Amino acid sequence: MSEERRSQGGLAQLAAGLIIGAVEVVLAVAFAALVFAGATPSRLGDGIGLYLVAAALTLGFLAWRAGERGVVGSVQDAATAVLSILALSTATKAINIMRICQTASVGRCETPDVFLTVVAATLVVTLSCGVIFLVLGTFRLGNLVRFIPYPVVGGFLAGTGWLLFKGGIYIASGVELTFRTLRGLRVGFELLVSPVTLKRWVPALAFGLILYLAVRLVKKPLVIPIVLGIGLVLFAIGMLATRSSIDAAKDGRWLLGPFESVRLWQPWTLRAITGADWSAVLSQWAGIATAVFVATIAILFNVSGTEVVLHRDLDTNRELRDAGVLNVVTGALGGIPGYHALSLTALAERMSVDARMAGLLAAAVPLAGVIFGASVIELIPRMIVGGVLVFLGLAFMVEWVWDKRKVLPPLEYGVVLVILAVIIGRAYLPGVVVGLVLAVVLFAVNYGRIELVREVSFGETYHSNVDRPPAERAALRTMGERVQILLVNGFLFFGSANGLLELIRKRAETDPPRFLVVDLRRVSGIDSSAVVAFVKAMHLAEASGSELVFTGTSEAVRRQLARGGIVASEVVRFEPDLDRGLQRCEEGLLRDEAVEVPEPDGDALAGMPSGLRAHLELVELPDGTVLIHQGESPDDVYVLASGRLRVETVTERGTRMRLRTLRPGVVVGEVAMYSGVPRTADVVAETPSVVLKLSKDSIERMEAEDPELAAALHRWLATTLAGRLGESLKAFDALFD
């Protein structure tokens, strides 16, 4: 039986590895076509070889370093989309220099290799990504990038989706979508609707749309490889139905081939050192910086997404260091940036296979593509490659333009649309500039409303207004570490939200609390980054067995939390104010520890001087009875024997606010009796209760007839007052700290 299970496990590992590897081959080919087809189309095969090697290294390295954590790597789309523009600009610059040199030089003219120049640009981008990842991870600065506003990041990623989408159309049809001028728009539209190009890009668009809908609706790990397989089969059936030969398909640009070189991989980076036009590469420094910037944002998003897929918390800085080493190696070999892949990680997770073994097996697939050479890769249909790019582009754009419209506030959603519009209408770099400007504007608008997130201690200083017997209060003082209280003030935005999340994460990793209380009474609003932070806090609380209690949440903030999926549940609770939130925590802790509540005739009155009971009058109070009215004269003192009383007052706005809940053993009315001022609050029976009444006349008679008992009474009342005053002073010290 065990041998059969091992056999099934081995087959599952092999199947997962082959599927992941096949998907990775298609992605590497698609990204190579995106970068090289426009810049140096005749050298597409050489570019595919570089990216296949990078894909194999990415799969193998991350399987070795991060596979035990369930991570599967892949060459990535976000930086590649920007790199495709950079490659085209670099190639154009090199070609222009070459033409000027050829026309103006009277002697020998050294002409740089355009392909090697594009390889050099790729090398610089990927190496820069590796260095930046290493620096961020080594110095634990991974959270710095999280200070970029969420909608600005969304605009960049939506713009990346547009670059991938139009790149897919270009790979399939050879027509570039441009909206910079009306003339360019008109010419591009005429080319797209011509019969020759229409039959090329429509199948690619349809395939990309079908792939996207299948992934979105079915939500199964094998959807992508199955749809890719169906697409290849349908293309083959189409060739048979039209009686087209492979050579005819190549000549008609239906396939990626033919390639000039039979060998897919050669040490092009070594040749690029002397053969590339480095002045053309360095002149594109802004594009290089943009590609690295987008890759850095994307890896942090992918690491966060991987945490959700794997249901575990990852060390962002460790993942950055691993990705940094990987990109230094692949960059030196001319590969594109690679790091954590959400879809492939989810595939391995849902197939219940070892990610390390699956990744290592998958790495052999792109290597096999390199070994078998161009004869196999050149047979891949352009409509499949273009369709994959269309699919990736739609995934970015639909997520940020459609899905986020109900999650983001109108202002932040408008920022996403503005950045995307600039990228579509002008170019990616202007979109980055506009995005950074909008980030500054958003920061300036919100900065004035920012206050601190402060953690306070539970038990001695912060506790509910429930007056509890000494046994319960003593037990709660020993449980201070089991409640984490965070007081949040002002407008909670991307910067302060990250600090709040770090406080929660630090406590969850060292000593998870039983209750996590977040008081939002003084919060004027939250942005989508804060909602994301609270979602992560909810997952941390669920993983550590904590209960997340929000107190004082306004209706506007609660609606924003609900948009992000934070609603009342077994893990999340909402209480009207901090007082009731702390009361919930106290009752939960006392229930967990099975602390016994004193009986009315026992411990509840244990501190009362002996002989005093003869002067007390027993009064029974039905539920809702007002024992003391606000403003009346302070004639009597009461001791709660059983039940529960509520002390409340009327605010200037006319609303009733609970000041305290009283339990058996608590004295009521002694402050007003000593000060002589009218009652400052109402005292109402929350449940059927019994109180012992000590009238002013009884106290005066006791002082005359039994001075010793009267002195004991005053000492008892003074001790009660001193205890309350001490607790109040501690709370005031904490408030003004």
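Predicted, not measured: the structure shown is a model, and the values here were computed from it.
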Spacing of [X] atom [atom1] and [Y] atom [atom2] [to the nearest 0.5 Å]:
{"X": "T330", "Y": "L50", "atom1": "OG1", "atom2": "CG", "answer": "11.0 Å"}
{"X": "D77", "Y": "L163", "atom1": "CG", "atom2": "CG", "answer": "11.0 Å"}
{"X": "W402", "Y": "L394", "atom1": "CH2", "atom2": "CG", "answer": "14.0 Å"}
{"X": "T80", "Y": "I85", "atom1": "OG1", "atom2": "CD1", "answer": "12.0 Å"}
{"X": "E307", "Y": "T316", "atom1": "CD", "atom2": "OG1", "answer": "5.5 Å"}
{"X": "T345", "Y": "R69", "atom1": "OG1", "atom2": "CZ", "answer": "11.0 Å"}

Notebook entry, point to check: When you look at Y51 and T122, which way does the side-chain contact (heavy atoms from CB on, under 4.5 Å) test go after all the steps?
Noted result: CA-CA 10 Å; Y51 287 12; T122 305; 3.7 Å; yes

A side-chain contact here means heavy atoms from C-beta on lying under 4.5 Å apart; do [X] and [Y] qualify?
{"X": "V325", "Y": "F61", "value": "yes"}
{"X": "L389", "Y": "Y170", "value": "no"}
{"X": "L320", "Y": "L134", "value": "no"}
{"X": "L240", "Y": "F235", "value": "no"}
{"X": "L255", "Y": "E378", "value": "no"}
{"X": "F36", "Y": "R43", "value": "no"}
{"X": "L228", "Y": "V388", "value": "yes"}
{"X": "S304", "Y": "K536", "value": "yes"}

Note to self: Test side-chain contact (heavy atoms from CB on, under 4.5 Å) on F31 and L392; report intermediate values, then the result.
What the structure shows: CA-CA 11 Å; F31 297 155; L392 295 172; 3.6 Å; yes

Under 3.5 Å donor-acceptor, [X] side chain and [Y] backbone:
{"X": "R200", "Y": "T197", "result": "no"}
{"X": "E24", "Y": "A56", "result": "no"}
{"X": "T126", "Y": "L123", "result": "no"}
{"X": "Q76", "Y": "H340", "result": "yes"}
{"X": "N327", "Y": "V131", "result": "no"}
{"X": "T269", "Y": "A332", "result": "yes"}

Residue pair [X] / [Y]: nearest heavy atoms and the distance that separates them:
{"X": "I19", "Y": "P225", "answer": "CG2-CG, 3.3 Å"}
{"X": "L34", "Y": "S84", "answer": "O-CB, 3.5 Å"}
{"X": "L62", "Y": "G73", "answer": "CD1-CA, 3.4 Å"}
{"X": "L232", "Y": "P381", "answer": "CD2-CD, 3.6 Å"}
{"X": "A16", "Y": "V353", "answer": "CB-CG2, 3.8 Å"}
{"X": "G565", "Y": "M538", "answer": "O-CE, 4.3 Å"}

Over 12 non-hydrogen atoms of neighbours within 6.0 angstrom of [atom1] in [X]:
{"X": "R563", "atom1": "CZ", "value": "yes"}
{"X": "I246", "atom1": "CD1", "value": "no"}
{"X": "M397", "atom1": "CE", "value": "yes"}

Next item on the list: Check whether the ring centres of F391 and F207 lie less than 6.0 Å apart, and answer yes or no.
Entry: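 No, they do not, as the ring centres are separated by 6.0 Å or more.
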
Notebook entry, point to check: Would you say the ring centroid of W400 lies under 6.0 angstrom from that of Y150?
Noted result: yes

Item checked: From CA spacing to verdict: side-chain contact (heavy atoms from CB on, under 4.5 Å), R216, V398 -> CA-CA 11 Å; R216 188 177 178 95; V398 172; 3.8 Å; yes

Note to self: Using a 6.0 Å distance limit plus a 45 degree cone around the ring axis, check whether R382 lies over the aromatic ring of W254.
What the structure shows: no

Check: Do NZ/NE/NH1/NH2 and the carboxylate oxygens of R318 and E68 come within less than 4.0 Å?
Finding: yes

Check: Using 30° and 60° as the class limits, which term best fits the ring planes of W162 and F165: parallel, tilted or perpendicular?
Finding: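 Taking F165 first and then W162, their aromatic rings lie parallel (interplane angle under 30°).
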
Next item on the list: Begin with the C-alpha distance, continue with both residues' side-chain angles, and end with the deciding distance and a verdict on side-chain contact (heavy atoms from CB on, under 4.5 Å) for K404 and V416.
Entry: CA-CA 10 Å; K404 298 295 184 182; V416 175; over 6 Å; no

